Amino acid sequence: MPATVCLCVLCGLPASGKSSLVQVASAQISKQGWGTFIISYDQIIAEEAFDFSPADSLSKGQTRWKQHRQAVLTCLESFLQDPQAPSPCQTEGNVWERFSQAISPALHKSSSQPSRIAVLLDDNFYYQSMRYEVYQLARKYSTGFCQVYLHCPVEVCLSRNQDRGQPVPDEVIVEMSKRIEPPNAQKNHWEQSSLTLTSTDITDTDIQKLFQLMFSALENPLSPFQDDSEQRLADRERCASSVVHQADQACRRLVSQAMLTARESKASSEVLRVLAKDLNEQKGHFLQELRRHILHELPVSEGEPVDVERVVSRALAVFQQQRDDVLKRHCISTRARTA
């Protein structure tokens, strides 16, 4: 009889304690006779995929990183097709080799395959769209699916991060804390099987709750798609990510131009400091509102792709006006280099 599988997504900020929780949970689940596989994105994705070197444009680096993440999903799908003997995949950056190394110990731990398998995916998964891709695989192969969000104050993450062998840049953690989208069962029915734990106080009771969540998900596997409403939601999520990413790069250039204009206007160092803060805050609010608009308000005709470049162009016109308003508040002329 083939094994039943549960995909468990662990999400949270860097240094929130996900990897430690995964190790504890895996040990406890193994005691129940389950097979456990830990898929740590940090270990499976090659380090160079995260290295946005000066020789690369940021968009090129982001593309490489996304390709590696997609490669992990390709490997996971191969595993779901045949958990006992998954077929090798042609992937970016030796992802398959690293993936197979991660699952190999559990596959060869005993001569007989366990009847229940827990796949623990350890990553930040800070956007819903990232987690939804795993959910889609669970539906496609009728497996269990659940999520665990590890809540941790950003200050604690920053402190823990300094003790890591390879710390993440602080600004990455801070920025991710602004963008992270925790599971929302009220908004998304596919996130019903979710659990939020507080990273600073994990107890035996929490581990038991996690096991019960996975057991329930395993006993209630997902059914294949009956309609395309969830696919349309995923398409809109991908569209939002693409638009916001492109808009972010263009907004950064507009902010840089504004700062150059301020320096040429002989603004004091204090004015420059406050101006930079105001412009970056304005950019952050603008991008959040842009993402919300695309997800919930942008009209999309069925079967008709969104003109991403047109949406970005219109959005930038709005931000440019907002940027100029900020400059005017600081009594800086917008004539020079801000166009």
Side-chain angles (χ1 to χ4, degrees), residues 13-14 48-67 124 126-127 129 154 158 168-181 236-298 305-339:
L13 296 176
E48 55 266 23
F50 299 94
D51 180 20
F52 298 171
S53 64
D56 292 336
S57 65
L58 186 57
S59 59
K60 181 179 178 181
Q62 289 277 9
T63 298
R64 183 170 61 243
W65 174 71
K66 290 179 180 179
Q67 288 173 339
N124 302 309
Y126 57 96
Y127 283 146
S129 56
V154 66
L158 291 171
V168 176
D170 285 353
E171 56 269 24
V172 171
I173 297 178
V174 172
E175 184 62 29
M176 194 179 295
S177 71
K178 299 175 183 177
R179 299 189 182 191
I180 194 166
E181 299 171 347
R236 189 175 281 267
E237 287 276 5
R238 281 193 290 271
C239 174
S241 296
S242 178
V243 169
V244 171
H245 169 67
Q246 293 186 40
D248 182 33
Q249 306 314 304
C251 287
R252 288 172 186 266
R253 290 192 292 271
L254 289 174
V255 168
S256 295
Q257 291 168 3
M259 293 303 299
L260 181 58
T261 297
R263 292 189 185 94
E264 291 179 344
S265 300
K266 308 300 182 182
S268 68
S269 58
E270 178 61 18
V271 169
L272 291 174
R273 183 188 68 78
V274 176
L275 176 62
K277 177 176 178 294
D278 289 349
L279 286 171
N280 282 303
E281 286 182 352
Q282 186 67 49
K283 178 172 72 73
H285 293 320
F286 168 76
L287 293 175
Q288 288 180 0
E289 181 61 22
L290 176 60
R291 181 178 180 81
R292 186 197 65 77
H293 172 72
I294 295 170
L295 289 177
H296 304 295
E297 298 177 10
L298 182 68
V306 174
D307 188 339
V308 173
E309 289 187 5
R310 185 181 182 187
V311 174
V312 171
S313 177
R314 290 184 172 182
L316 286 180
V318 174
F319 178 72
Q320 185 166 345
Q321 182 60 54
Q322 293 177 355
R323 179 206 62 178
D324 290 349
D325 291 342
V326 172
L327 285 171
K328 289 177 182 177
R329 289 203 304 270
H330 289 274
C331 301
I332 296 173
S333 173
T334 60
R335 293 180 184 177
R337 292 178 172 265
T338 57

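Nothing here was measured: the structure is a model prediction, and the numbers come from that model.
Taking the side chain as every heavy atom from C-beta outward, Q282 and L279 never approach each other to under 4.5 Å. With a 4.5 Å cut-off on side-chain heavy atoms, K283 and R252 count as touching. You'll find the side chain of L287 stays beyond 4.5 Å of the side chain of R291, heavy atoms only. Looking at heavy atoms from C-beta onward, V174 lies in side-chain contact with L158 at the 4.5 angstrom threshold. Counting heavy atoms from C-beta outward, E281 and K277 have side chains that approach closer than 4.5 Å.
Atom CD1 of I173 is separated from atom CD1 of I180 by 11.5 Å, given to the nearest 0.5 angstrom. With rounding to the nearest 0.5 angstrom, the CD atom of E264 is 8.5 Å from the NZ atom of K266.
With sequence neighbours left out, S268 forms a side chain to side chain contact (heavy atoms under 4.5 Å, CB included) with E270, V271. The side-chain hydrogen bond (donor to acceptor under 3.5 Å, both in side chains) check on H330 picks up D278, with sequence neighbours excluded. For S265, the side chain to side chain contact (heavy atoms under 4.5 Å, CB included) partners are T261, I332, not counting sequence neighbours. Every side chain to side chain contact (heavy atoms under 4.5 Å, CB included) that R310 has, sequence neighbours left out, goes to D307, R314. The salt bridge (charged side-chain N to carboxylate O under 4.0 Å, His left out) search around R179 returns E175, D248, not counting sequence neighbours.
Contact detail for A250 and L316: the closest heavy-atom pair is CB-CD1, 3.3 Å. Looking at every heavy atom in both residues, C239 comes nearest to I294 through SG-CG2, 4.2 Å. The shortest heavy-atom contact between A262 and L272 is CB-CD2, 3.6 Å. Looking at every heavy atom in both residues, Q288 comes nearest to K178 through NE2-O, 3.7 Å. Nearest heavy atom pair, residue P14 against residue V168, reads CB-CG2, 4.2 Å.
Applying the ring-ring contact (aromatic ring centres under 6.0 Å, His included) test to every pair with at least one member in residues 248-288, sequence neighbours left out, gives these pairs: F286-F319.
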Is there a side-chain hydrogen bond (donor to acceptor under 3.5 Å, both in side chains) between D325 and Q321? Walk through the geometry before answering.
CA-CA 6 Å; D325 291 342; Q321 182 60 54; 3.0 Å; yes

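Of the possible polar contacts, none joining the R323 side chain to the A258 backbone as a donor-acceptor pair under 3.5 Å is found.
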